[in-house]
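Chain A is the first sequence line, chain B the second, and so forth, proteins listed ahead of strands; every chain is numbered from 1.
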There are 6 protein chains.
Amino acid sequence: MSVVVRNPPRAQRAAVEGLSGFGVATVHEAQGRTGLLDPELRPVWQGARVAGTAVTVSVPPADNWMLHVAVEQCGEGDVLVVAPTSPSQAGYFGELLATSVAARGVRALVIDAGCRDVAELRAMGFPVWARHVCAFGTVKETVGDVNIPVVCGGQLIEPGDVVVADDDGVVRVPRLAAASVLAASRAREEREAALRARYEKGELGLDIHGMRGKLAAKGLTWVDHPDGTSGEQGAGAAS
Amino acid sequence: MSVVVRNPPRAQRAAVEGLSGFGVATVHEAQGRTGLLDPELRPVWQGARVAGTAVTVSVPPADNWMLHVAVEQCGEGDVLVVAPTSPSQAGYFGELLATSVAARGVRALVIDAGCRDVAELRAMGFPVWARHVCAFGTVKETVGDVNIPVVCGGQLIEPGDVVVADDDGVVRVPRLAAASVLAASRAREEREAALRARYEKGELGLDIHGMRGKLAAKGLTWVDHPDGTSGEQGAGAAS
Amino acid sequence: MSVVVRNPPRAQRAAVEGLSGFGVATVHEAQGRTGLLDPELRPVWQGARVAGTAVTVSVPPADNWMLHVAVEQCGEGDVLVVAPTSPSQAGYFGELLATSVAARGVRALVIDAGCRDVAELRAMGFPVWARHVCAFGTVKETVGDVNIPVVCGGQLIEPGDVVVADDDGVVRVPRLAAASVLAASRAREEREAALRARYEKGELGLDIHGMRGKLAAKGLTWVDHPDGTSGEQGAGAAS
Amino acid sequence: MSVVVRNPPRAQRAAVEGLSGFGVATVHEAQGRTGLLDPELRPVWQGARVAGTAVTVSVPPADNWMLHVAVEQCGEGDVLVVAPTSPSQAGYFGELLATSVAARGVRALVIDAGCRDVAELRAMGFPVWARHVCAFGTVKETVGDVNIPVVCGGQLIEPGDVVVADDDGVVRVPRLAAASVLAASRAREEREAALRARYEKGELGLDIHGMRGKLAAKGLTWVDHPDGTSGEQGAGAAS
Amino acid sequence: MSVVVRNPPRAQRAAVEGLSGFGVATVHEAQGRTGLLDPELRPVWQGARVAGTAVTVSVPPADNWMLHVAVEQCGEGDVLVVAPTSPSQAGYFGELLATSVAARGVRALVIDAGCRDVAELRAMGFPVWARHVCAFGTVKETVGDVNIPVVCGGQLIEPGDVVVADDDGVVRVPRLAAASVLAASRAREEREAALRARYEKGELGLDIHGMRGKLAAKGLTWVDHPDGTSGEQGAGAAS
Amino acid sequence: MSVVVRNPPRAQRAAVEGLSGFGVATVHEAQGRTGLLDPELRPVWQGARVAGTAVTVSVPPADNWMLHVAVEQCGEGDVLVVAPTSPSQAGYFGELLATSVAARGVRALVIDAGCRDVAELRAMGFPVWARHVCAFGTVKETVGDVNIPVVCGGQLIEPGDVVVADDDGVVRVPRLAAASVLAASRAREEREAALRARYEKGELGLDIHGMRGKLAAKGLTWVDHPDGTSGEQGAGAAS
């Protein structure tokens, strides 16, 4: 009953490349606050940002045989997305597999289990988002599936979907939504750039967004502290 | 029933600046081992050390509206201290809000919930201590309070208190105790400097502190290992 | 009933030095997948790799008196291995103790409890693997034991055993097995170097290890995606 | 963009009723070890076993408005399956909602968030599987979706699927697989009944399954303990 | 600097007794969703509901000496509330202390640490809410404080406050608010009783609360499932 | 390299039976606060208390083949103690294996991994202490060891050791220490019985143990609350 699905459709490359310029938080907002993987999936080293197309792998607990099978299905711009069929802390992936998939153009690994060889991966610049870091390896005894829909970090991911990851976590963009989410991300980023410029000058969100009336309507009141002396410190706090 | 308290008294600036030169562990010891926030509040990027005066914010779960309200109450040398009224993993704070509060001189955020835009915050050099990193954002629907006493990381924090934070965590110093805790921190640091010099020369705490008698009185005995050969390795271990 | 055992036999220095050149994952595999400490013991700063001989310390909860006692038993090339008799988050160890043990040639601390002064330890280059980072200190009231067998991170560690640690975690090598595990690590590393070279050229593990037949025998099948177009993206994925 | 889907097809009632006679572990094995929800979803009171058809609800964090919407979509034999769009500990469901859904024949709630009124639910006999117990309630401000596919406890669940739950946890059976999984569960149960009878008589799995040869082939050996005296205790242990 | 405060004012007995008739969820709502302790504080045995006046104890980690001190300050209708100054899993309280405090009329213990003798406590009918169950005991070496304000389960509790606890958790009612929170709890319970009666008859919250228009205004739409047949199962689901 | 050790010496039956009359907390104290397993190993159903002799099993992750091997080594009065070589949440043990080992007189299972069939085990009265409850089963592919020393719940357990378990957790008594720990447990229980009687009469530990002087010497002081009125409530609290 195990299967390797070859050549699933992948999200359009231009959209993927475009999304690689945005952070996970931006993309997540831009697609209506959907698709965020469990925040417990963390980068094993910090500072990377990637976007790529998912090659999905469903693996048995503590058995990484299917990762070797999956390598052949990977190409330039892919991201390996690995979900165990039951929770496993084991280190499914290390420097050797990273070498193998990097040779095919794979950009990152997202795994809802363990990873090892963290120092080597950082030295190689190969980014991994994982639930665990664990030197305990795996066996190669049981088969699983490649390029079927998987649930990874609590999100359904289909082969060919876009995966965007950075220090904030990992978000999935459905394959067919990639272009529209890219457009929405750009629009959001433009709005934020304008906002950032105003914030840098010291303008307040309260004023920019006209929040004062709404806040008062919800019952918020402002009072002076009975013991406060605006001159003691924090003069900027005087309104 | 929601309120924003303006101009609470703040700890004296000189004491705050003085405390910024000490680590959390030192300050915590210096004030009698009190005030340490839950160690699960961790820096989202490592290497910062700050001290500042608390502007406290009580927020509903997954709703960051009150952070925008709080910005106006912040001034030079403040630290935002945010506590949700029920546990929330959501990312309340990111690069835009950081830009806004940095423009007012805020030095850091301490939040008993989630934060996002970690890469951008690190690039800006804006330090955050948080319980979670989570790209999932918040809404702006419900009001809360600013500059009321809050429980953050299990500690009661009042507006104007000093908050000291580094890679070890976060500690609160009561506003009126700032000067005395600073003096105690200095005294402690001086003792430690003397001790450090002796340790560097290889002196033992056992001897410096005259512990041998007390240890023996408590029933500690020293025996040679039956198979030990002091020459095999670790000659330094031979007494 | 408390005892300090002096001069336990230590693993041979040459083997220890040899093991310091290998990662935890390699050593763990080389000794038959045994000896890995609980992956929750993490480096407090990343990037170090050490091997050394264990000086073991059994400590009461939140009491670090015995660390001062243990210093005297340490020598060049040792690693302090500390296990509390009941779980404790407290920070048993900081910069001062690190100064003291570094003066005796100790290479690292492994502790199934808390550590503090993370910034100072990183600046000193003194590596620590710990279950917690916590600024809360300890008392000096109750005695424990030095150089008795301890369970640390779920593994039995005897004084003089080798401890290897890196960003992946910590592994224990029994004292008398050090030379054979070193040989096995070298052999493994050589095999991996050959494999790495082939992976870099793009060869597949599937082919190198002749896995295809075994996979098919286990019931794995390959099918093309019904909607797939190998030309859309990821040409490398076409087999 | 929020939607309530009315009258989704449901699994056949006969298959659902049949499945209610089997435990989660049996059903999970019978369908090839798939569909188990995260074991952290636990019964809030122990001793119940149910099977029913899923009415799925996607809810915002800490907002239970959509549960009120979902009630109308529920009928006899259904199980409410609730997944928040971001993690929430809040108590979405209590005795009042239980009264409302029980009046429509709903058998249980499965929720990847919090539940409250545990004592009342136990007294009513209304079973709930939840990730958290939490008295903190929710708001009614934001809409979500009913009867769309959701990921709950890490499993994709579609409306009309069968959900089986007991003290071991919760398993999902796809709607169209219900009859075949029932048949497989029955077959498994019959085999186990035969096995149970032999175990009760003291026969060993080693012999019943002819495992001794395979174990020896894998390298397992049997030796007598050097200090053992089979007469000291545990006569049954003598082989 | 340690102190035992004698005879703090306590909440009025009539209000306390009245509150003992309401669940934690009700009381929490009735006082504006404030005062809930961390849901990780769980009953060590289920089925109890109590309300009482807090005698607060601040204890060192793994040291229960102050509990013996606190006994003398307890009287009829009190609840012991214990908070360690740093996290501790140790079992501070067991059957003997329960016997001692029960003899003085104490109704329960709430402790942000460990408890032991669970079987005996259940047999005695003495309820405990604790963060941990742990057979590891404590020492009696360091003093703390009785009847000072403490932070327990993340909430500030003052001596004489009311503590209400049941299977859902623990909530604190400020001493002076007891009567008004009791009144609000009664009012809420009356509203809920009316609602319960309507729910039992099958009325929907959607109709009772007139939610349909608001939901539609927020963008919620209802559609029929394309494959749905309302007759297949769940006739009650047909609207 | 895998081995089954037959007929290890077991602790004397009389001592084991004697220990079955004491709780885990008592036994743990009686042997000097040693041997307690990680408190996260909890009973899957509450209310049992057992003592028995350990048959130890070292198992691969998610593979329960060795449990079938271990059955043959079990006899009347044994307790199975199972430790995986890497963390595993899988359900290694259920009703069928319980039937098999119960037929040989085994009293309980202690497992540092998962268990399933909780409802059936409770109905059978077969007690299990486990780290997880998980319906996900295991495979039978890899061999391990029986009756070698294992680390379970962080404690070293040798075959033939005594294991005592109740609702508080699990404690290990070394085989040769069983008689002396039994005697110490009896002595402790007698002291506690005397104490219990005095506590029931309302005597205070403060007086029975003469603690007042020591407390004062440590700096504890008693003061009256400024607002306190001993007559308001809690008359018993008046000293």
Side-chain angles (χ1 to χ4, degrees), chain B residues 23-29 33 36-40 42-43 46-49 164 166-171 192 195-209 211-212 214-239, chain C residues 1-13 16 44-45 53 55 65-69 71-78 89 91 94-105 114-122 132-137 140-147 159-160:
Chain B
V24 168
T26 296
V27 174
H28 176 253
E29 294 285 346
R33 304 192 165 192
L36 187 69
L37 275 64
D38 183 345
E40 298 301 315
R42 299 289 303 142
Q46 290 197 298
R49 170 167 295 165
V164 183
D166 64 13
D167 286 353
D168 288 358
V170 186
V171 66
E192 293 205 339
L195 212 46
R196 188 179 301 113
R198 297 179 71 175
Y199 282 165
E200 282 170 352
K201 289 182 205 147
E203 281 191 79
L204 294 174
L206 283 179
D207 299 317
I208 295 173
H209 301 298
M211 290 170 173
R212 293 181 197 273
K214 279 187 245 168
L215 288 161
K218 290 258 187 178
L220 186 66
T221 58
W222 280 258
V223 302
D224 284 305
H225 193 284
D227 307 332
T229 59
S230 63
E232 188 179 354
Q233 182 183 331
S239 62
Chain C
M1 293 161 49
S2 291
V3 69
V4 178
V5 178
R6 288 182 295 213
N7 297 314
R10 284 164 165 92
Q12 288 190 308
R13 183 172 295 239
V16 177
V44 302
W45 54 269
T53 39
V55 170
W65 206 5
M66 292 309 291
L67 294 193
H68 288 274
V69 173
V71 174
E72 188 176 29
Q73 305 309 316
C74 293
E76 187 67 36
D78 283 336
Q89 208 173 4
E95 173 241 352
L96 278 178
L97 267 168
T99 303
S100 184
V101 298
R104 295 184 78 83
C115 168
R116 59 184 185 176
D117 293 343
V118 165
E120 290 81 359
L121 293 169
R122 189 172 48 218
H132 307 284
V133 169
C134 178
F136 203 102
K140 290 178 182 59
E141 303 218 7
T142 309
V143 292
D145 303 275
V146 176
N147 280 333

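A donor-acceptor distance shorter than 3.5 angstrom exists from the side chain of Lys218(B) to the backbone of Glu141(C), with no hydrogens or angles considered. Distance alone, capped at 3.5 Å, places no donor-acceptor pair between the Ser2(C) side chain and the Thr221(B) backbone.
In this structure, CG on Asn7(C) lies 12.0 Å from CG on Asp227(B), to the nearest 0.5 angstrom. Residue Arg6(C) holds its CZ atom at 4.5 Å from CG of Asp224(B), rounded to the nearest 0.5 Å. Here OG of Ser100(C) is found 10.5 Å from CD of Glu200(B). Values are rounded to the nearest 0.5 Å. For the atom pair CH2 (Trp65(C)) and NZ (Lys214(B)), the distance works out to 6.0 Å, reported to the nearest 0.5 Å. Note: Phe136(C) CZ to Arg33(B) CZ = 6.0 Å, rounded to the nearest 0.5 Å. Once rounded to the nearest 0.5 Å, the distance linking CG of Leu220(B) with CE of Met66(C) reads 4.5 Å.
Most heavy-atom pairs under 4.5 Å with chain C, from the set His209(B), Glu203(B), Arg42(B): that is Arg42(B). Ranked by non-hydrogen atom pairs under 4.5 Å with chain B, the options Val71(C), Val44(C), Leu67(C), Leu96(C) are led by Leu96(C).
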Without placing hydrogens or testing angles, list every side-chain donor-acceptor pair under 3.5 Å for residues 115-122 of chain C, not counting sequence neighbours.
from, atom 1, to, atom 2, distance (Å)
Arg116(C), NH1, Glu29(B), OE2, 2.9
Arg116(C), NH1, Ala135(C), O, 2.8
Arg116(C), NH2, Glu29(B), OE2, 3.2
Asp117(C), OD2, Glu95(C), N, 2.7
Glu120(C), OE2, Arg49(B), NH2, 3.0
Arg122(C), NH1, Asp167(B), OD2, 3.1
Arg122(C), NH2, Asp167(B), OD2, 2.5

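Using a 4.5 Å cut-off between heavy atoms, Val55(C) makes no contact with chain B at all. For chain B, the nearby parts of Val5(C) are the backbone and the side chain; heavy atoms of each come within less than 4.5 Å.
In terms of heavy atoms, Arg196(B) sits closest to Thr99(C) at O-CG2, 3.8 Å.
Counting only heavy atoms from C-beta outward, the side chains of Gln89(C) and Pro39(B) approach each other to under 4.5 Å.
A side-chain contact (heavy atoms from CB on, under 4.5 Å) with Cys134(C) holds for exactly one of Asp38(B), Asp168(B), Leu36(B); it is Leu36(B).
Ring geometry for Tyr199(B) against His68(C) counts as tilted: the plane angle lies between 30° and 60°, on a 0 to 90° scale.
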Practice prompt. Applying side chain to side chain contact (heavy atoms under 4.5 Å, CB included), run through Leu204(B) and Arg104(C) and close with a yes or a no.
Written response: CA-CA 10 Å; Leu204(B) 294 174; Arg104(C) 295 184 78 83; 3.6 Å; yes
